[in-house]
Amino acid sequence: MDKLTMLSHISLFDELSKEELMTIDKMSEMRPVKKGTVIVSPDHPMEALFLLKQGQVRLYQMNEEGKQFTMDILVDGNIFGETGSVTLTDDQIYAEAMTDTYLCLLSHNDFENFIEANPKIALKLIDILSSRLKDFYSFSEKIALRDVKHRLLYLLLMLSEKTGHRKNNWQSIEMKLTHQDIAHMIGATRETTSTVLSQLKKEGFLKKVRYFSVDADKTKEYLGLP
DNA sequence: CCATTAACGAGCT
DNA sequence: AGCTCGTTAATGG
């Protein structure tokens, strides 16, 4: 369905059996989180695993001047956090709820016990981590060090694949975003973002219907993505 | 190429 | 009235 597999795009829900899921579900603690809440930051590293039940969470990094850069958007079924031995995110990463969100919290101990009881899960984790590493290489090579146009297109494509649906080439982004929001996510200014957005509209990468829609094929070709 | 600065109208609170 | 937002344009790194 969604073929842009990204760093920390982990859908354990896809890979676990029903029973395994039930076990995790029983052990985990449900927690609602309001939109805008910073769930994890370098100041408050959480020794736990988060299962994202419902909502959207943005993973980003920030430099000394407070400029942000969005690494990934997580949606229902993704998993993130750290558990000592296994790090599913970076320790310098921030996680912020973009919408009202339901999280399940799994403690370090519970997770390790679960792995001991279900060795197959360890193998799946290796798969997940190695594919994340691969995605990260591709990501940094093709996007991270490139200009605002690339970063912006990449973000919009990612957002559309996570939140929207596809009609012909056009993938919608079902999210209310100001130019300022977008600028923060790609480490650019509001002005530049505004300029590049209208440029992309002229060039046919983008159109505005309700929120935004991107021409997915055209964008992927431009970014050199499969 | 892009941040910065400035400036302006529109819209929201 | 004052702030946020989108937009354009000049300048300079």
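Below, chains carry the letters A, B, ... as their sequence lines are ordered, and counting in each starts from 1.
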Any side-chain donor-acceptor pair under 3.5 Å between A:D181 and A:H184? no

Test for a donor-acceptor pair under 3.5 Å between the base of C:dT7 and the side chain of A:R190, counting only N and O atoms. yes

Out of B:dA3, C:dT8, C:dG6, minimum distance to the side chain of A:S198 belongs to C:dT8

Determine the interplanar angle of the A:Y222 and A:F205 rings, folded into 0 to 90°, and report it as parallel if under 30°, tilted if 30 to 60°, perpendicular if over 60°. perpendicular

Can you check the [X] [atom1] to [N] [atom2] distance for me, whole Å?
X	N	atom1	atom2	answer
A:K202	C:dT7	NZ	C1'	11 Å
A:L197	C:dT7	CG	P	8 Å
A:E191	C:dT11	CD	P	17 Å
A:I186	B:dC2	CD1	C1'	11 Å
A:Q180	B:dA3	CD	C1'	14 Å
A:K201	C:dT8	NZ	C1'	14 Å
A:K208	C:dG6	NZ	P	7 Å
A:Q68	B:dA3	CD	C1'	17 Å

Any A:T189 side-chain N or O less than 4.0 Å from OP1/OP2 of B:dA3: yes

A:D72/A:K162 ion pair, N-O < 4.0 Å: yes

Just by distance, do the side chain of A:T195 and the backbone of A:E191 share a donor-acceptor pair under 3.5 Å? yes

